[in-house]
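Structure record follows, encoded as C-alpha cells.
Quick note on labels: first sequence line is chain A, next is B, and so on, each numbered from 1. Given the structure is predicted, the values throughout are model-derived calculations rather than measurements.
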Number of protein chains: 2
Amino acid sequence: MVNQRIKNMEEFASVSGLSRPTVSKYFNDPSSVRASTRLKIEQALEEFEYQPNIYAMNQNRKLTKNVGIVVPHLADPFFAEIARTIEARCIEAGYRPTMFSSYGDPAQEIEILSLLRSMKPAGVLLAPLGRLSDRSEIEKFCRDVPTVLFDSYLEGIGDAFVGSDNYSFVNQTVEYLTRTGEPPLFFEMKTPANPNANKRRQAYLDVMERLGHEPHVVKIDGEGWAFEEIGKRGAMAFLTKGDWPTNAILCSNDRLAIGFLAAAYELGIRVGRTPDCTLRLASNDDHPFSRFTCPSLTTAAHDYDSVSSASVDCLLQLIESGGKFSTRQEQLFEARLVLRNSS
Amino acid sequence: MVNQRIKNMEEFASVSGLSRPTVSKYFNDPSSVRASTRLKIEQALEEFEYQPNIYAMNQNRKLTKNVGIVVPHLADPFFAEIARTIEARCIEAGYRPTMFSSYGDPAQEIEILSLLRSMKPAGVLLAPLGRLSDRSEIEKFCRDVPTVLFDSYLEGIGDAFVGSDNYSFVNQTVEYLTRTGEPPLFFEMKTPANPNANKRRQAYLDVMERLGHEPHVVKIDGEGWAFEEIGKRGAMAFLTKGDWPTNAILCSNDRLAIGFLAAAYELGIRVGRTPDCTLRLASNDDHPFSRFTCPSLTTAAHDYDSVSSASVDCLLQLIESGGKFSTRQEQLFEARLVLRNSS
DNA sequence: ATTAAAAATTTACGCGCGGTAACATTTAAA
DNA sequence: TTTAAATGTTACCGCGCGTAAATTTTTAAT
C-alpha cells in the first residue's frame with residue numbers, strides 16, 4: 001500500500017494531511033505557506049511521487065510561468081550561445097523557458113508567435129529576423145504579450161530593447177586597425193537581413209570620416225543564413241580581382257570573416273599581423289568559432305553575459321510592471337576588443 | 001460588433017453555426033468532418049480570431065500531440081542541425097515538437113526528462129549525453145514514455161535506436177588515407193562522453209588489423225564539450241613533441257579536427273594533400289564548419305536527412321503501435337566520404 | 001489574559017475542453 | 001423512393017487545477 005500512485009493534487013493533499021488549495025499555493029510559491037506546512041508537503045513529496053499537471057495548472061491562470069525565447073537561427077552558434085545563457089537565467093528566476101528558432105524563415109517566425117500566443121506566456125524574449133520580419137505581425141504580438149526585443153533592433157516595436165552598441169564595435173576595430181596599419185575597408189553582404197549590419201556600416205562610415213580617411217565598402221552578393229559560404233564566395237571574387245584599396249579588412253560579422261579566411265587560405269594569401277602577411281582582417285561578434293580560425297580572428301566581442309542578464313532582468317521587470325513600461329526602454333552594451341592573430 | 005473576442009470553443013462553434021463537439025472534431029482532425037462543415041469552420045476562422053486553449057486541450061487527452069526532442073548540446077552545430085531537421089519532420093507529421101538541450105550536464109538531462117514526463121508527450125526523440133547519462137533514470141523514463149534514442153547508443157535502453165554506422169565511417173576514412181598514402185593514427189579524447197567515440201576507436205583498430213597495419217591511438221586530455229579547445233591543446237602537445245609514427249591523422253570527430261588544424265596552423269605545419277604538406281588529416285561527422293576550415297576538412301559525413309527522417313518515422317510507428325515494439329529496433333546509416341583539401 | 005490584526009487554510013465555484021451515448025439529420029447507394 | 005451509412009447535435013460528466021471569499025489559526029500588541 002506504500003507509494004501508491006498519486007493521481008492528482010487532491011490525493012496528494014490528502015496524504016500530506018492538508019487541503020488541496022494549500023498544496024496548490026505551495027506549488028505556486030513554496031514561501032507562501034507556513035514552515036510547518038511546507039515541511040509536511042516536502043515530506044510527503046519524498047514519500048510519494050507527484051507533480052502537478054502542467055496543463056491543468058496553466059489553463060486558468062491569468063499568467064503562466066512560461067517564457068518564450070525566439071531567435072532567428074539556432075544553428076548559428078552565436079544565437080545558440082546567447083539562447084543558452086538566457087535560458088539558464090530564466091530558470092534561475094523560476095520561469096519555464098521554451099526555445100524557438102525561425103531558422104531564417106519569416107513565415108515560421110509568425111507561426112512561432114502564434115504558437116507563443118496560445119501558450120499565454122508571462123513574457124517573451126524575441127530576437128527577430130530583422131529586415132525579413134513581418135513588422136505589423138510582430139507589432140500586434142507585442143501589443144498583446146510583454147516582449148523584450150534583443151539583438152536585432154526594430155524601430156519602436158516591443159516594450160524594451162537590449163542589444164549591443166554597434167558603434168562601439170566598429171569604432172574599436174577601425175581604430176585598432178588604423179592605429180596599427182592602414183585604415184580598413186568594410187566587407188559586408190549587399191542586403192543583410194540583420195539590422196545590426198546596417199548600423200555597423202553606418203558606424204564604419206562615421207568613424208572613417210572622423211579619422212579623416214576615405215571609406216571603402218565592399219558589398220557582396222548572397223541571401224540567406226549561409227554567411228560563411230557567402231563570405232567565401234565574395235572573398236574569392238574580391239581577392240582574385242586584385243587592386244585592393246587597402247590591406248586591412250573589417251568584416252561586418254565573424255561568419256563572413258570565417259568564409260573570407262577560408263577563401264584567402266585556398267588562394268594562398270596569408271592573413272595576419274606578421275610581416276609575411278599581405279592582408280589583415282578583423283571582425284565583429286566573437287563567434288564561438290573565431291578563436292579556431294586560421295589565423296585566429298581579431299574581433300569585437302559581444303558581452304554575452306551582460307546582454308543575456310540584462311534581457312532577462314528587463315523582462316522580469318516588465319512582467320512585474322504588469323506587462324507595460326511607461327516608456328520604451330533601450331539598453332546597449334559596448335564591445336570588448338579581442339586581439340588575436342588575424343590583425 | 002464585428003470580430004468580437006472569441007473566448008472559447010462554445011462561442012466559436014456558435015458563430016460558425018455548428019455544435020461544439022463538431023468543432024472539436026475538426027481541430028483534432030480536419031478530415032474527420034464533412035467538406036461543407038470544414039468550409040464553414042474555415043470561413044469562421046478567417047473572420048474570427050480563435051485558437052483552442054492548448055492547456056485545456058491536453059489536460060484530459062490520453063495522448064497529446066507533443067513530441068520532445070532532447071540533444072546533449074544545442075550550441076554544437078552538429079546537434080543544432082540535426083535537431084532542426086527532426087523538428088521540421090515532426091511538424092510535417094502534425095506533431096508539436098519542443099526542443100531541449102542538457103548542455104552537457106547530466107543533472108539537467110534528468111530535469112528535462114522530468115519536465116517531459118509532465119508534458120505527457122506522445123513520444124520523445126532522445127540523444128543522450130552518453131557516458132555521463134544517468135542510465136537508470138533514462139531507463140525508467142523510457143519505460144513510461146515511448147522513446148526513440150538517436151545518435152548516442154545506450155545498450156538496451158529505449159524502444160528503438162537510430163544512428164550512424166561508426167564502422168562505416170572509420171572504414172572509409174582509414175581505407176582512403178591508406179590507399180592514398182600512409183595509414184593513419186587515431187586522434188581522440190582520453191575519456192569521451194559520447195559512445196560513438198568508443199565505437200570509432202574500436203572500428204579503427206579492427207580496420208587497421210584487417211589491412212595489416214599497426215594501429216596508433218593518441219589519447220588527449222580534456223573533459224567537457226569544448227572539443228575544439230581540447231583538440232587544439234592536444235594537437236599542440238602532439239605536434240611539438242614530434243616523432244610521429246605516421247603523417248596521416250584520423251580524428252575521432254570534426255570538432256577535434258578543427259582544433260587540430262588551428263594548432264597546426266599556429267605551428268606553421270602545413271596540412272593537406274599537396275606535396276608541400278607534412279601532414280594529412282581526416283575526420284568524421286561533416287560538421288557544418290568543416291568546409292570552412294583551413295584546409296577544408298576531408299570527413300565521413302552523416303546522412304543527416306536519413307537519420308532525421310528515420311528517427312521521426314520510427315517514433316511515429318512507435319506511437320501508432322501504442323508505445324511499444326515487440327522487439328527493440330535498431331537502424332544504422334552509412335557514412336558518405338567527403339573529399340576536401342585536408343587529405 | 002484579551003483582543004485585534006495578520007497569516008494561513010478551507011469552502012465553493014468555475015475554467016475550457018475531451019469524451020460518450022442517444023438521438024436527429026443529411027448523404028449516398030440500392 | 002426506400003434504406004442504410006455517415007455525419008452532426010444534444011446532453012451530460014469528468015479532468016486537475018486556480019482563485020475569490022469565508023473561515024480558522026497564529027501572531028503581536030495591549
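Relative to the side chain of Ala56(A), the nucleotides dG16(C), dG18(D), dC17(D) differ in distance, and dC17(D) lies closest. The side chain of Met9(A) sits closest to dG18(D) out of dT10(D), dG18(D), dG8(D).
In this structure, Asn28(B) reaches the sugar-phosphate backbone alone: every heavy-atom distance under 4.0 Å involves primed, P, OP1 or OP2 atoms, never a base. Nucleic acid contact class of Thr22(A) (heavy atoms, under 4.0 Å, all strands): base. Within the nucleic acid shown, Lys25(B) has no heavy atom closer than 4.0 Å to any nucleic acid atom. Tyr50(A) comes within contact range of the sugar-phosphate backbone alone, with a heavy-atom separation under 4.0 Å but no base atom that close. Note on Pro52(B): only backbone sugar-phosphate atoms sit closer than 4.0 angstrom, heavy atoms only; bases stay farther off.
Distance Asn58(A) CG to dC17(D) P: 11 Å, rounded to the nearest Å. Distance, Glu10(A) CD to dG14(D) C1': 14 Å, rounded to whole Å. A straight line from CD of Gln51(A) to P of dC17(D) spans 11 Å, rounded to a whole angstrom. With rounding to whole Å, Arg61(A) atom CZ is found 16 Å from dA20(D) atom C1'. Taking atom CG of residue Leu18(B) and atom C1' of nucleotide dC17(C), one finds them 17 Å apart after rounding to whole Å. We find that NZ of Lys120(B) is positioned 12 Å from P of dC15(D), with the value rounded to whole Å. When the P atom of dG16(C) is taken as reference, atom CZ of Phe12(B) falls 16 Å away, rounded to whole Å. If you take OH of Tyr26(A) and C1' of dC17(D), they are 17 Å apart, rounded to a whole angstrom.
Nucleotides of DNA chain C nearest to Asn8(B) and Arg34(B) differ in position, and the one nearer the 5' end is that of Asn8(B). The nearest heavy atom of DNA chain D to Asn53(A) and to Ser32(B) marks one nucleotide each, and the one closer to the 5' end goes with Ser32(B).
At dG18(C), one or more side-chain N or O atoms of Ser24(B) fall inside 4.0 Å of OP1 or OP2 (strictly under the cut-off).
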For salt bridge (charged side-chain N to carboxylate O under 4.0 Å, His left out), just list the numbers for Arg84(B) and Glu87(B), CA-CA rounded to whole Å, side-chain angles, deciding distance to a tenth of an Å, and then say yes or no.
CA-CA 5 Å; Arg84(B) 162 159 89 129; Glu87(B) 195 183 4; over 6 Å; no
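Note on ring orientation: taking the six-membered ring where Trp is involved, the planes of Tyr50(A) and Phe12(A) are parallel (angle under 30°, cut-offs 30° and 60°). Taking the six-membered ring where the residue is Trp, Tyr153(B) and Phe161(B) present perpendicular rings, their angle passing 60° and hence far from 30°.
Arg20(B) contributes no side-chain N or O that forms a donor-acceptor pair with the base of dG8(D) under 3.5 Å. Between the side chain of Gln59(B) and the base of dC15(D), at least one donor-acceptor pair of N or O atoms lies under 3.5 Å.
Residue-environment remark: CD (Glu155(A)) stays at or below the threshold of 12 foreign heavy atoms within 6.0 Å.
In this structure, Tyr103(A) and Gln108(A) approach most closely via the heavy-atom pair CD1-NE2, 3.9 Å.
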